[in-house]
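Here the structure is laid out as structure tokens; the discussion comes afterwards.
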Amino acid sequence: MSYDFLKIEKKWQDYWEENKTFECKNDYTKPKFYALVEFPYPSGQGLHIGHPRPYTALDIVARKRRMQGYNVLFPMGWDAFGLPTENYAIQNKIHPAKVTKDNVEHFKRQLKNIGLSFDWSREVNTTDPAYFKWTQWIFIQMFKKGLAYKKEMAVNWCTSCKVVLANEEVIGGECERCSGEVVRKVKSQWMLKITEYAERLINDLEEVDYADRIKASQINWIGRSTGAEVDFDTTIGYKLSVYTTRPDTLFGATYMVISPEHPLIDEYSDKLENADEIFKYREDAMKKSDFERTELNKGKTGVELKGINAINPVNNKEIPIYISDYVLMSYGTGAIMAVPAHDTRDYEFAKAFDLPIVEVVSGGDISEEAFIDCDTGIMVNSDFLNGLAVEQAKEKIIDWLKENKKGEPKVNYKLRDWVFSRQRYWGEPIPIVHCDKCGYVPLDEKDLPLELPDVDSYEPTDTGESPLATLESFINTTCPKCGGAAKRETDTMPQWAGSSWYFLRYTDPHNSEELASKEALKYWMQVDWYNGGMEHTTLHLLYSRFWHKFLYDIGVVEDKEPYARRTSHGFILGENGEKMSKSRGNVINPDDIIGEYGADTLRLYEMFIGDFEKTAPWSTASVKGCKRFLERVWGLQDILIDGETYREEIETSMHKTIKKVGEDVEVLKFNTAIAALMSLINDIYATKAINQAELRTFLLLLYPFAPHIAEEIYERSGFSGMADEQSWPEFDESKCTENTIEIAIQVNGRVRNRIVVAADIDKDNVIDLAKSDEKIAKEIAGKTVIKEIYVPGKLVNIVAK
RNA sequence: GCCGCUGUGGUGGAAUAGGCAGACACAAGGGACUUAAAAUCCCUCGGUCGAAUAGACCGUACCGGUUCAAGUCCGGUCAGCGGCACCA
């Protein structure tokens, strides 16, 4: 009987579906485990070979947890709003809902072919009105709390997608999705005040178990810095505030710079002697995209504000003010004090405009470059700060600023509010109307969901308006507050909206009264283990933490943080080590691999390919190794003998492997767990037999990794019940070590021989044995032994001179 | 520039908390079986010297240090990957 994987896999997949094997119990008395993988965007291309890697990993965890007695929630759904679907719909003149439905079906079939143990009864879809009703509901709650607001602002506009992008979606001046050119455009946009949560988003990372690299990049992205806001008087009476992280260098501030958008320019244009020149500079700067403005190695440009000077508060010296595009309106106050001696950019600007450079921290050579080092410098040319170290000077100057009412300590963040509107069709409609009398008014909650209307054309418009804006019947409505005529918001939400809370919906997906019941949320949350891509660290992961914290604040959820543990997988690259893509011609289709080698082989290979957290190149040749292993597993049936306890010659191997596999799964070392199973099967074949007790344990260890073959052999061997209902095997620590061990004997750190000794031998005995060994005796003859080291179970080192 | 990560055989990768480097695989070579091929099984497989499965030396990007002992710790250098980037 050969290993007919196609037949076996089909058989068990059908069985699991018919018997609803993986639907989790609504038994809230059992211990729970919530395993979560990021739900995919169901693109037209179908499943990518990268998808099964994280899915299989948590499938292994989920299956193991079920065997360990947990009530496991391992759900799956669809993050289905999005541009590719909309674009496909436009090109092919099919409704995006239909495209979505087809793609979902395709994805679902592919996922089922991998044998993942998802609870499909809890499937969610972000484009389902019954789902996005609650996305809209959350938005309205945010609006009511003042966290959603509309603002006229310069935004990132993708000229190709014809849509506004969040800062997070702009990569090196290009659109994250289509690589199209991104320019600045002033538009009125819905914004979410994520900045209000910046501090908590950093601080609460201490409460969760995320991989360090994930925490680090979130902290980096939020970009907290501490310093002071300092007020400078000007010769026209305007108070010019700046933010600085180096208030200690205040005596070195020899000029100031404001950003081109700074309100001072319009307010006091009549005082400017060179207003024309300044307005011209501003116009040029506004035309450029953020990327152009911040492009590397660009020389500093700017124009002096003639007719206005600033006054340095610490020494009352008059200093000039410049306008320059290296100062951004969106950070701090949009103005800076320039300390050229101790800031690289200011240094560069001062050199270009021949401005004075005054050293206030000694220790560098300011004739060569700005001196930045805060740790070693001593204050000079700074009156009452002279002689202090930088840190002391910071404290002292802040005290001085407070006393003299010239400034105060201040914390700043790089994080900006989240641009939340998109001018596209295929997204959640924003449930707000604009009434001339009442302003922006949210829909009544009983009128949710606000569904997408049917339109003839989903085409984006060059005017920057949503396709919905052309639909009079949709736009014109009545104000929920006053009943008067009002107009609907026509922008839709970004793709990140639906994924910001989907993990909550899984706990109670069919609830029509609430986003999920209190009991379900209380029982299932937090997510115990969430795995997803590194690329979502500063987008989805941060956004969903923000939403969850908001829901915590309004009493919907009980935990401050949604995810107790977050891990990240590496990408799978093409065989040539490059990113897989159609244009490179190195795409591997999971369906092909399953057809040729089977789902169990695919699962095993994706886990065996390398360190789970690192990228790994695909190798079809190596897939065969995993297939061979499963063939050998199948072959165990031919050498099966009777026996209800482990045979002596294999006992230690059995116990060691149970321990190793169990531990490795918990720390993402799936590759070495599989290696351990391979070693065990090699040991078993070396004995030319396997007994029933051994086979049963082996199958249970294999089951989470390769469930179809494990279940099949389990059944054929006549063991009771199903593999997935059995308890995870246990090991006996005392049986994990051999009775006798081989230890290495080193002389002066070099291995000279190996001897076999009893495992529990003591130091004196083993060293006597080592020294009496013929080779070792020869090595140390005529020398004085200085030191004798015994590392139990490993080696002896004799140091001799 | 800043933050994070990585550097080990022909390849993917192992190596608890400093203790025998190269587990487990892939590829390659040799052999068995076969009319033949595939599959399977057995053997070899870091380098140099060597007839050797005797033995010795070298070897975890590079230079140095700590230690009885370093892939692992410390200091420095180089290379690559990812992220951020005129953030004051």
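Throughout, a chain's letter reflects where its sequence line sits, starting with A, and its residues are numbered from 1. Keep in mind the model is a prediction, meaning the values are calculated, not measured.
Using a 4.0 Å heavy-atom cutoff across all strands shown, A:Glu742 reaches at least one base atom of the nucleic acid. Nucleic acid contact for A:Ser330: none, since no nucleic acid atom lies under 4.0 Å from a heavy atom of the residue. Contact annotation for A:Phe629: no contact, since no heavy-atom pair falls under 4.0 Å across all strands. Residue A:Asn671 is classed as a sugar-phosphate contact, given heavy-atom separations below 4.0 Å to backbone atoms only. Across all strands shown, A:Asp611 has heavy atoms under 4.0 Å from sugar-phosphate atoms exclusively, and none from any base. If you check every strand for non-hydrogen atoms under 4.0 Å, A:Thr244 touches sugar and phosphate atoms only. In this structure, A:Arg224 reaches neither bases nor backbone, as no heavy-atom distance under 4.0 Å exists between it and the strands shown. A:Lys669 comes within contact range of the sugar-phosphate backbone alone, with a heavy-atom separation under 4.0 Å but no base atom that close. Counting any heavy atom pair closer than 4.0 Å across all strands shown, A:Thr615 reaches sugar-phosphate atoms only and no base atom. As judged by a 4.0 angstrom heavy-atom cut-off over every strand, A:Ile609 is placed among residues touching the sugar-phosphate backbone only.
Across B:A15, B:G19, B:C24, the shortest atom-to-atom separation from the side chain of A:Ala675 is found for B:C24. The A:Arg750 side chain lies nearest to B:C57 when the options are B:C84, B:C57, B:A88. Looking at the side chain of A:Phe608, the nearest of the listed nucleotides B:A25, B:C86, B:A88 is B:A25. Comparing B:U16, B:A56, B:A25 against the side chain of A:Lys794 picks out B:U16 as the nearest. With B:C84, B:A88, B:A27 as the candidates, the nucleotide lying closest to the side chain of A:Thr245 is B:A88. Comparing B:A25, B:A88, B:U6 against the side chain of A:Met678 picks out B:A25 as the nearest. Closest to the A:Pro617 side chain, of the nucleotides B:A88, B:G13, B:U6, is B:G13. If you check B:C84, B:A88, B:C24 against the side chain of A:Trp221, the one that comes closest is B:C84. Proximity note for A:Ser622 (side chain, C-beta onward) versus B:C26, B:C57, B:G19: the nearest is B:C26.
B:G10 and B:G65: their P atoms are spaced 28 Å apart (whole Å). Taking the P atom of each, B:G7 and B:U66 are spaced 25 Å apart, rounded to whole Å. For the P atoms, the distance from B:U40 to B:G4 is 47 Å, rounded to whole Å. A distance of about 12 Å separates the P atoms of B:A14 and B:U8, rounded to the whole Å.
The side-chain hydrogen bond (donor to acceptor under 3.5 Å, both in side chains) test applied to A:Glu575 returns A:Thr620, not counting sequence neighbours. For A:Ala216, the side-chain contact (heavy atoms from CB on, under 4.5 Å) test picks out no residue, with sequence neighbours left out. By the side-chain hydrogen bond (donor to acceptor under 3.5 Å, both in side chains) test, A:Thr567 is found to be paired with A:Trp529, A:Asn531, residues two or more places apart in sequence or in another chain being considered. The side-chain contact (heavy atoms from CB on, under 4.5 Å) test applied to A:Ser225 returns A:Tyr243, A:Thr245, A:Tyr331, A:Asn412, not counting sequence neighbours. Legend: residues meeting salt bridge (Lys or Arg N to Asp or Glu O under 4.0 Å) with A:Glu199, ordered by chain and number and at least two apart, are A:Arg224. With sequence neighbours left out, A:Thr672 forms a side-chain hydrogen bond (donor to acceptor under 3.5 Å, both in side chains) with A:Asp664. By the side-chain hydrogen bond (donor to acceptor under 3.5 Å, both in side chains) test, A:Arg628 pairs with no residue at all, sequence neighbours left out.
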Would you give me the side-chain donor-acceptor pairs under 3.5 Å for residues 741-752 of chain A, sequence neighbours excluded?
unit_1	atom_1	unit_2	atom_2	d
A:Asn748	OD1	A:Ala800	N	2.9
A:Asn748	ND2	A:Ala800	O	3.1

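Here B:G9 is in the syn range [glycosidic angle within 90° of 0].
What separates CG of A:Asp664 from P of B:G13 is a distance of 17 Å, to the nearest Å. For the pair A:Tyr347 OH and B:C86 P, the computed distance is 22 Å after rounding to whole Å. In this structure, NE2 of A:His536 is placed 13 Å from P of B:G83, rounded to the nearest angstrom. Per the geometry, CE belonging to A:Met534 stands 8 Å off C1' belonging to B:G83, to the nearest Å. Rounded to an integer number of Å, the gap from CG of A:Asn753 to C1' of B:A56 is 15 Å. A straight line from CD1 of A:Ile674 to P of B:G13 spans 14 Å, rounded to a whole angstrom. Going from atom OH of A:Tyr605 over to atom C1' of B:G13 covers 11 Å, rounded to whole Å. To the nearest angstrom, P of B:C2 lies 19 Å from CD1 of A:Ile219.
A donor-acceptor pair shorter than 3.5 Å can be found between the side chains of A:His536 and A:Glu38.
Identified under the ring-ring contact (aromatic ring centres under 6.0 Å, His included) test for residues 742-764 of chain A, with sequence neighbours left out: none.
In summary, the aromatic rings of A:Phe349 and A:Tyr322 are positioned with their centroids under 6.0 Å apart.
No side-chain donor-acceptor contact under 3.5 Å links A:Thr657 to the backbone of A:Leu680.
A donor-acceptor contact under 3.5 Å is formed by the side chain of A:Lys300 with the base of B:C86.
In terms of position along RNA chain B, the nucleotide closest to A:Val791 lies nearer the 5' end than the nucleotide closest to the other residue of the pair A:Val791 and A:Ala676. Comparing A:Arg246 and A:Ser619, the nucleotide of RNA chain B nearest to each residue sits closer to the 5' end for A:Ser619.
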B/S/- contact track for nucleotides 63-72 of chain B, protein heavy atom under 4.0 Å: -----B----

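Proximity of A:Arg213 to the phosphate of B:C3: no side-chain N or O atom is located under 4.0 Å from OP1 or OP2. Phosphate proximity of B:A25 to A:Asn682: present, with a side-chain N or O under 4.0 Å from OP1 or OP2.
Taking the six-membered ring where tryptophan is involved, the planes of A:Phe571 and A:His569 are perpendicular, since the angle between them exceeds 60° and thus also 30°.
To the nearest 0.5 Å, the span separating CD1 on A:Ile709 from CG on A:Leu702 amounts to 7.0 Å. Here the CG atom belonging to A:Asp209 is positioned 11.5 Å from the CG atom belonging to A:Leu205, to the nearest 0.5 angstrom.
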Could I get a table of every N or O pair under 3.5 Å where one atom is in the protein and the other is in nucleotides 37-45 of chain B?
unit_1	atom_1	unit_2	atom_2	d
B:C41	OP1	A:Arg632	NH1	3.2

Once Watson-Crick and G-U wobble pairs under 3.5 Å are found, how is RNA chain B written in dot-bracket notation, 5' to 3', with | for any base paired to another strand? (((((((..(((......[....))).(((((.......))))).((((.....))))..(((((..]....))))))))))))....

